[in-house]
Every structure is written in C-alpha cells, then in structure tokens.
**Student:** 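Below you will find the structure I want to go over with you.
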Amino acid sequence: MHIDRIHTWDITYKEAMRLQSELSARIKLTRMKKIPKIVAGADIAYSKRLNLSFGVVALFEFPALEQINVYSAYQKTNMPYIPGLLSFREAPVLLSIFEQVEENIDLIMIDGQGIAHPRGLGLASHIGIFLETPTIGCAKSRLVGEHKDIDLIRGNKEPVNYKDKLCAYVVCTRDNVKPLYISPGHLIDFQGACEYVLKCSDGFRLPKPTRIADQLVAEYKKQIIGQINKVIYPP
DNA sequence: GCGACAG
DNA sequence: ATCTTGTCGC
Ligand SMILES: [Mg+2]
C-alpha cells in the first residue's frame, strides 16, 4: 500500500514532540461510510538482547474474521520506549510491513493509543496519517485521561476525558476482564471505533485482529531468533 | 521537584 | 515490552 513519508524518524525527542503537535491537526474523526471488507491487526515484539524489533500485520475478512494473509518484518530498534513517543519506536517497522501489503485494507486496529495521547497523536493516529487509512487505537492500559469505573459486562463503555475533552472510551470486550482503551486513530469516529472493536471481539479480551497479530509476532520473533542463533553458534 | 507513564 | 520458572485456577 501507499505510504506518505511525511518525515524521517532520526530526530530528537524535542522535534518528535513538535511533529506530534503539528500532525495531530491533520487527524480527521470522520464516520466510516462503508462497512470494511478487510480489517488488519498490527503488533510488535522485541528482542532486548539483539536490539531488534519484530512486526506483524495480519489481515482478516470482515465481518467473518477469517484470516486472509500475514505480513512481517524486523529491523534494529532505534529508539528507547518513552511514554508519549511510542510511535517513533514502533512505527518504522510497521510501515515497512504495510509497504509490502498488496490487498486494500479498509481498517487497521493497532496495539496502542489513537488520539488518547498528550499531544493527540498516539501510534494508531500516526500510522493512520502515513497510510491515509482508518485506524483504531486498542490499548490495554491508560496513557492519559480520566474516567469512571465501568461494570465489567461485555459491551459496556465509559467515556475517557483528557483536558475536558473526550479522547477515548473504556470498553469491556469480555465479562469480568480488564477493559480496553479504545480511541480513534484517523478517519473514523468514536462510535465507529467502539463498534468495530466489539464486532471483532470474539470471546477474548483483545479483538481478533490484534490478538492474532500478537500471537503471530511472538512466533515470528522466535523463528527469526532461531535462525540467528544457528548462524552465531554453529554446532 | 514529584508522580504518572501506550509498549 | 522483555526476562524467566514455577504456580494457581478455570
Ligand atoms: Mg504490542
């Protein structure tokens, strides 16, 4: 798929933060007009020892949620994890994977925040801007914002406000299980984000696209590290 | 200065 | 997120 290389990634933290503020003005929280045909999930794994980042993008038919295809790549990790700057650590490898994708992806679910971010540009939003494709941030914990406790009943949701503005919903995707922080990334609204996450939640905490991407990236990492060890420590 | 803090 | 062995519970 096409990628808008809006900026490079070898920049200072200060410049990274400035870019986030600048790019957040481009985010559009629009309604998705058509029902998606292909939904993708994306996730990352790391090897601390080898300083590598592994990424997987898994494609699913919607609403059947049948797996269509899987893409992957890995590269050197060039940024430490800094809360608020996650996209500068994870986006480069993810974009290199999306570049290989032949299918037309209608919606991407990403492990991390969308606009629920100190400067309104979490990983999902940043990816959405580069790909000009609808994205949803599906985070397992809170980065910013305040909300009431929610009853842990599947389908329940509670608004998350940051600086007196709605930024996400806490969504229960399964009874009696810790809820998710769902925020639009780009080209989708709050209602659409919650709706598609729930429609992709098939009895587990994480919606199928990110859950399977998470499992596949763990396997991919294991496989690549096995190859590397074979080269480094020949029998 | 202190505490919070996606993955 | 990683590293790392076992353990508890559905
Ligand atoms: Mg992840």
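Every chain is numbered from 1, with letters handed out A, B, ... down the list of sequences. If you're wondering where the values come from, they're calculated on a predicted model, not measured in any experiment.
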**Student:** Rounded to the nearest Å, what distance is computed from the NE2 atom of residue A:H117 to the C1' atom of nucleotide B:dA4?
**Tutor:** 14 Å
**Student:** Does A:Y46 put a side-chain nitrogen or oxygen below 4.0 Å from OP1 or OP2 of B:dG7?
**Tutor:** no
**Student:** Just the rounded figure in Å: distance from P of C:dA1 to CZ of A:F54.
**Tutor:** 15 Å
**Student:** What is the nucleic acid contact for A:A45, judged by heavy atoms within less than 4.0 Å: base, sugar-phosphate only, or nothing?
**Tutor:** sugar-phosphate
**Student:** Distance check needed: C:dT4 P versus A:K48 NZ, whole Å only.
**Tutor:** 10 Å
**Student:** Once you apply a heavy-atom cut-off of 4.0 Å, does A:L85 come out as touching a base, just sugar-phosphate, or nothing?
**Tutor:** base
**Student:** Should the heavy atoms of other residues, nucleotides or ligands under 6.0 Å from CG of A:D4 be counted, would the total exceed 12?
**Tutor:** yes
**Student:** Between atom CG in A:L50 and atom C1' in C:dA1, what is the gap in whole Å?
**Tutor:** 15 Å
**Student:** So does A:K140 get a side-chain nitrogen or oxygen closer than 4.0 Å to the phosphate oxygens (OP1/OP2) of B:dC5?
**Tutor:** no
**Student:** With centres under 5.5 Å and planes under 30° as the test, does A:Y81 stack with C:dA1?
**Tutor:** no
**Student:** Whole-Å distance between C:dT2 P and A:D111 CG?
**Tutor:** 11 Å
**Student:** Can you find a side chain N or O atom of A:S87 that sits less than 4.0 Å from OP1 or OP2 on B:dA6?
**Tutor:** no
**Student:** Please tell me whether A:H147 and A:Y162 form a close aromatic pair, meaning their ring centres lie under 6.0 Å apart.
**Tutor:** no
**Student:** Between A:Q191 and A:Y169, do the side chains contain an N or O donor and an N or O acceptor separated by less than 3.5 Å?
**Tutor:** no
**Student:** Under 4.0 Å: is that the gap between some side-chain N or O of A:R142 and OP1 or OP2 of B:dA6?
**Tutor:** no
**Student:** Decide yes or no for A:E146 and A:N161: does some side-chain heavy atom of the first lie under 4.5 Å from some side-chain heavy atom of the second?
**Tutor:** no
**Student:** How many Å lie between CG on A:N51 and P on C:dC3, as a whole number?
**Tutor:** 12 Å
**Student:** B:dA6 C1' sits how many Å from A:L121 CG, rounded?
**Tutor:** 13 Å
**Student:** For A:G84, report the nucleic acid contact type (base, sugar-phosphate, nothing); a contact means any heavy atom under 4.0 Å.
**Tutor:** base
**Student:** Write down the distance between CD1 (A:I44) and P (C:dA1), rounded to a whole number of angstrom.
**Tutor:** 11 Å
**Student:** State whether A:R5 and A:E99 are salt-bridged, where the test is any N-O pair (Lys NZ or Arg NE/NH1/NH2 against Asp/Glu carboxylate O) under 4.0 Å.
**Tutor:** yes
